Amino acid sequence: MYKELEKFKVSDSFTFTTEDSLEQVCNASEGSGVFLVYAVGDEKELIMVGSTGTVQNNGSLKIKNGGLKEKIVEGHQFAKTGRKYSWPAQMAKEDISTLEVVWYETFNDDAKGIPTAVEGQVLQSFLDENGRLPKWNVAF
C-alpha cells in the first residue's frame, strides 16, 4: 500500500474478470477519491491510478453524479466508451484474467485529501520507484 493512502479510512476493493459485469461487482462508494487498478496474475502489478471529485475555492467538494462508482464503471478509457466495455477488451488484448480495484474516499467529513492531489502523490511514488507511470495511465 502507498503511504499516501494510509490515512483514508473509507476504503474497499473488488475484483473484476472479463466474465463479470463491472456494474455489478463494483462496490465503490458515491464519494470522491482515488482508485488503484492492479492486474492480478503470478504477481500483482499496479496498472492504473484514477480519481474523481474537485475541491472548490471555498473548500467545498464538487462531486460528479455517482462519484467513484460512476467514474470506475462509466469513465472513458482506451475508447470513447465506458470502462465497463473497454476494460474487458483491453484485458483480453493484454491477456489479463483478473483486475483488483482498490478505492479510497479521500475527501469526506473525516478527511480532506484533494482527490487529484492524492492521485498525483501515488503516481509520483510509482514514478520514483519505476521510472515510468503505470501502463494504463497515459499521462498526468
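In this chain, numbering begins with 1 at the start of the sequence shown. Quick note: numbers below take in every heavy atom, side chains included, and nothing from hydrogens, waters or symmetry partners. Keep in mind that what you see is a predicted model, and the values were worked out from it rather than measured.
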What's the spacing between [X] [atom1] and [Y] [atom2] if we round to 0.5 Å?
X: Phe16; Y: Ser21; atom1: CZ; atom2: OG; answer: 7.5 Å
X: Leu5; Y: Lys7; atom1: CG; atom2: NZ; answer: 9.5 Å
X: Gln90; Y: Phe78; atom1: CD; atom2: CZ; answer: 4.0 Å
X: Ser86; Y: Lys80; atom1: OG; atom2: NZ; answer: 12.0 Å
X: Arg132; Y: Leu123; atom1: CZ; atom2: CG; answer: 11.5 Å

Other residues, nucleotides and ligands only: do more than 12 of their heavy atoms fall within 6.0 Å of [atom1] on [X]?
X: Gln24; atom1: CD; result: no
X: Leu61; atom1: CG; result: yes
X: Glu43; atom1: CD; result: no
X: Asp109; atom1: CG; result: no
X: Gln56; atom1: CD; result: yes
X: Phe126; atom1: CZ; result: yes
X: Asn57; atom1: CG; result: no

Report yes or no: does [X] contribute a side-chain atom to a donor-acceptor pair with the main-chain N or O of [Y] at less than 3.5 Å?
X: Thr52; Y: Lys71; answer: no
X: Asn130; Y: Leu127; answer: no
X: Asp12; Y: Asn27; answer: no
X: Gln77; Y: Trp136; answer: yes
X: Asp20; Y: Leu22; answer: no
X: Ser125; Y: Gln121; answer: yes

Same cluster for [X] and [Y] if Ile/Leu/Val/Met/Phe/Trp/Tyr side chains link at under 4.5 Å?
X: Val37; Y: Val73; answer: yes
X: Val122; Y: Val102; answer: yes
X: Ile47; Y: Val25; answer: yes
X: Met91; Y: Tyr38; answer: no

Salt bridge flag under 4.0 Å for residues [X] and [Y]:
X: Glu105; Y: Lys9; value: no
X: Glu30; Y: Lys69; value: no
X: Glu74; Y: Arg83; value: no

For [X] and [Y], which heavy atoms make the closest approach, and how far apart are they?
X: Met48; Y: Asn137; answer: CA-OD1, 3.1 Å
X: Lys112; Y: Asn108; answer: NZ-O, 2.5 Å
X: Trp103; Y: Ser11; answer: O-OG, 2.8 Å
X: Phe35; Y: Ser51; answer: CE2-N, 3.7 Å
X: Pro115; Y: Val55; answer: CD-CG2, 4.4 Å
X: Glu100; Y: Val40; answer: CB-CG2, 3.8 Å

Problem set entry | Of Thr18, Ile72, Ile96, the residue whose pairing with Trp87 passes side-chain contact (heavy atoms from CB on, under 4.5 Å) | Ile72

Exercise. Going by atom types alone, do Gln124 and Asp128 pair a side-chain donor with an acceptor below 3.5 Å?
Worked result: yes

Problem set entry | Validation row: Cys26, Phe14 side chains within 4.5 angstrom (heavy atoms) | yes

Problem set entry | Leu46 side chain reached by Leu36 side chain, heavy atoms, under 4.5 Å | yes

Problem set entry | Derivation and outcome, side chain to side chain contact (heavy atoms under 4.5 Å, CB included), residues Leu99 and Thr15 | CA-CA 6 Å; Leu99 297 179; Thr15 57; over 6 Å; no

